[in-house]
Colleague: 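The following block contains the structure, expressed as structure tokens.
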Amino acid sequence: MARLRFPDNPPCDVRYETTRSRLCWPDRPAADIMPAAEHLSDNEHHVPQPRPSSMLNLLARRASGGAARLRAGDRLPPRELVTTRDQLIHVPDPRHVVHLQFRRFAGCPVCKLHLRSIAQRHDELVKAGILEVAVFHSSSEVLLRHDLALPFAVVADSQQQLYREFGVKASLRSVLDPRAWAAIARGLATFGAGREAGEPALGLPADFLIGGAGEVLACKYGAHADDHWSVDEILEHARATDREASVARANHRTGAAQPEAGHADA
């Protein structure tokens with residue numbers, strides 16, 4: 001179960017449950033709160049409150065029908081996710097940039113190959129201030145049976161609530177795209193087939209880099225099962241957003257200093 005808390009609301013137990021398709025809010029009918037929590041229906045690249053303009057744009061895209069994809073600049077509401085090891089993860093995290101990646105099923109051989117490559121370089125991500133979180137559309141029980149032994153957070157979302165919110169879909173091309181075949185072959189040779197009965201087989205991956213204020217810094221929706229950010233790409237996106245933030249701060253300081261200089265000349 002992934003729990004969701006909104007700031008500045010009256011004290012109550014609001015939970016984001018991956019076992020139900022609704023928000024749970026005691027003493028209020030589901031119809032009262034669902035409009036504010038509708039699910040989001042190839043590649044795109046201190047916690048302040050989300051800016052109204054970006055949130056309104058996001059809600060408008062949700063209301064337009066279908067699972068809308070997020071874009072860089074969108075703002076996400078604060079939430080808490082519970083990992084398979086019962087750790088509480090804050091997204092956004094005021095102290096870290098969060099790399100939230102959506103995987104397929106727990107035994108997916110392509111996912112295992114990819115996550116092994118991230119685990120091998122996890123120290124680099126930690127040094128860069130990046131909090132790694134991987135979401136699977138398998139249950140906690142199945143994920144624990146696979147014992148992925150990853151050095152970062154793993155979240156179970158068997159009902160795919162988060163997938164719908166973030167606009168992460170499934171497609172036949174996830175496994176039929178020839179660009180995925182080499183990774184599928186390597187993964188099968190290394191790990192074998194590991195899909196549990198009833199688990200979806202056609203999920204697509206997705207990557208999101210989320211800033212401390214909940215802003216989507218960069219994102220990618222995979223076109224096939226092996227289409228995801230490498231560690232180098234994650235680090236480069238983080239560095240690029242750092243550079244942009246530094247430029248913005250420098251411009252702000254320059255703009256603030258100009259009136260003072262003009263006053264001195266006068």
Side-chain angles (χ1 to χ4, degrees), residues 2 43-48 50-51 54 69-85 87-104 108 110-136 143 148-157 162-163 165-168 183 204-223 225-253:
N43 299 337
E44 289 182 25
H45 288 286
H46 179 244
V47 177
R51 291 181 301 182
S54 58
R69 289 181 168 186
L70 298 178
R71 307 174 195 160
D74 283 341
R75 296 274 176 146
L76 303 174
R79 71 189 74 212
E80 291 177 343
L81 304 178
V82 180
T83 74
T84 55
R85 303 292 181 182
Q87 291 178 290
L88 202 61
I89 301 294
H90 294 270
V91 179
D93 185 312
R95 297 170 301 172
H96 302 94
V97 170
V98 176
H99 175 223
L100 185 67
Q101 59 169 303
F102 286 81
R103 307 310 319 163
R104 290 154 39 86
C108 167
V110 177
C111 300
K112 286 185 173 182
L113 276 179
H114 179 61
L115 292 179
R116 185 172 68 178
S117 72
I118 291 183
Q120 290 169 345
R121 299 179 62 186
H122 185 240
D123 287 348
E124 296 178 54
L125 298 173
V126 172
K127 288 177 182 177
I130 298 170
L131 177 65
E132 190 69 31
V133 182
V135 181
F136 284 83
L143 283 164
L148 301 175
L150 297 170
F152 46 83
V154 175
V155 174
D157 184 16
L162 290 171
Y163 288 77
E165 278 201 19
F166 282 78
V168 183
L204 289 166
D207 294 90
F208 300 89
L209 208 62
I210 302 169
E215 69 277 22
V216 178
L217 303 173
C219 60
K220 175 186 179 75
Y221 289 90
D226 192 39
D227 190 17
H228 34 228
W229 284 340
S230 66
V231 173
D232 287 335
E233 287 174 307
I234 298 167
L235 293 170
E236 178 52 38
H237 281 299
R239 284 192 291 264
T241 56
D242 282 345
R243 288 194 296 268
E244 291 170 5
S246 297
V247 170
R249 286 194 296 269
N251 290 340
H252 178 74
R253 287 195 297 268

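Quick caveat, the model's predicted, so the values are computed rather than measured.
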Colleague: Out of curiosity, His96 NE2 to Ile210 CD1, how far, rounded to the nearest 0.5 Å?
Modeller: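 Between atom NE2 of His96 and atom CD1 of Ile210 there are 14.0 Å.
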
Colleague: What is the minimum heavy-atom distance between Val110 and Ala225, and which atoms define it?
Modeller: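 Answer, listing the atom of Val110 first, then Ala225: CG1-O, 3.4 Å.
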
Colleague: Would you please test Leu100 and Leu162 for side-chain contact (heavy atoms from CB on, under 4.5 Å) and show each step?
Modeller: CA-CA 11 Å; Leu100 185 67; Leu162 290 171; over 6 Å; no

Colleague: Applying side chain to side chain contact (heavy atoms under 4.5 Å, CB included), name anything that partners Leu204, two or more places apart in sequence or on another chain.
Modeller: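 Here the qualifying residues are Ser171, Arg173, Ser174.
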
Colleague: Taking side chain to side chain donor-acceptor pair (under 3.5 Å) as the test, write out the residues that go with Gln87, two or more places apart.
Modeller: none

Colleague: In Å and rounded to the nearest 0.5 Å, what is the NZ to CD distance from Lys220 to Glu233?
Modeller: 6.0 Å

Colleague: Can you name the nearest heavy-atom pair linking Pro92 to Pro77, along with the distance?
Modeller: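 Looks like CD-O, 4.3 Å.
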
Colleague: Taking all heavy atoms of Tyr163 and all of Arg103, pick out the closest pair and write down the distance.
Modeller: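 Heavy-atom minimum between the residues: OH-O, 2.7 Å.
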
Colleague: What's the separation between atom SG in Cys111 and atom NE2 in His228, rounded to the nearest 0.5 Å?
Modeller: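 Atom-to-atom, Cys111:SG and His228:NE2 are 8.0 Å apart.
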
Colleague: Side chains of Val154 and Thr83: closer than 4.5 Å at any heavy-atom pair?
Modeller: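 They are not in contact (no side-chain heavy atoms under 4.5 Å apart), so the answer is no.
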
Colleague: Could you check whether the rings of Phe208 and Phe102 sit parallel, tilted or perpendicular, using 30° and 60° as the cut-offs?
Modeller: perpendicular

Colleague: Sequence neighbours left out, what passes side chain to side chain contact (heavy atoms under 4.5 Å, CB included) with Gln120? Give chain and number order.
Modeller: Arg116

Colleague: Which atoms form the tightest heavy-atom contact between Ala183 and Leu113, and what is the distance?
Modeller: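 The answer is O-CD1, 3.6 Å.
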
Colleague: Side chains of residues 128-135: which donor-acceptor pairs under 3.5 Å do they make with residues two or more places apart or in other chains?
Modeller:
from	atom 1	to	atom 2	distance (Å)
Glu132	OE1	His99	ND1	2.9
Glu132	OE2	His99	ND1	2.6
Glu132	OE2	Gln101	NE2	2.7

Colleague: Can you name the nearest heavy-atom pair linking Leu150 to Ala119, along with the distance?
Modeller: CD2-CB, 4.2 Å

Colleague: Return the CG to CG distance between Leu81 and Asp157, rounded to the nearest 0.5 Å.
Modeller: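 Answer rounded to 0.5 Å: 9.0 Å.
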
Colleague: Would you give the length of the straight line joining atom CG of Leu209 to atom CH2 of Trp229, rounded to the nearest 0.5 angstrom?
Modeller: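 It is 5.5 Å, given to the nearest 0.5 Å.
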
Colleague: Arg75 and Ala213: which non-hydrogen atoms are nearest, and at how many Å?
Modeller: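 Distance-wise, the nearest heavy atoms are NH1-CB, 3.4 Å.
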
Colleague: Which distance, rounded to the nearest 0.5 Å, do you find between the OG1 of Thr241 and the CD of Glu215?
Modeller: 8.5 Å

Colleague: Does a side-chain heavy-atom distance below 4.5 Å link Leu125 with Phe152?
Modeller: no

Colleague: Listed by chain and number, what are the salt bridge (Lys or Arg N to Asp or Glu O under 4.0 Å) partners of Arg121, not counting sequence neighbours?
Modeller: Glu124, Asp232

Colleague: Going by heavy atoms in the side chains, are Phe136 and Thr84 under 4.5 Å from each other?
Modeller: no

Colleague: Given the rule in the side-chain contact (heavy atoms from CB on, under 4.5 Å) test, do Val82 and Leu88 qualify, once you have shown the distances and angles that lead to the verdict?
Modeller: CA-CA 5 Å; Val82 180; Leu88 202 61; 3.8 Å; yes

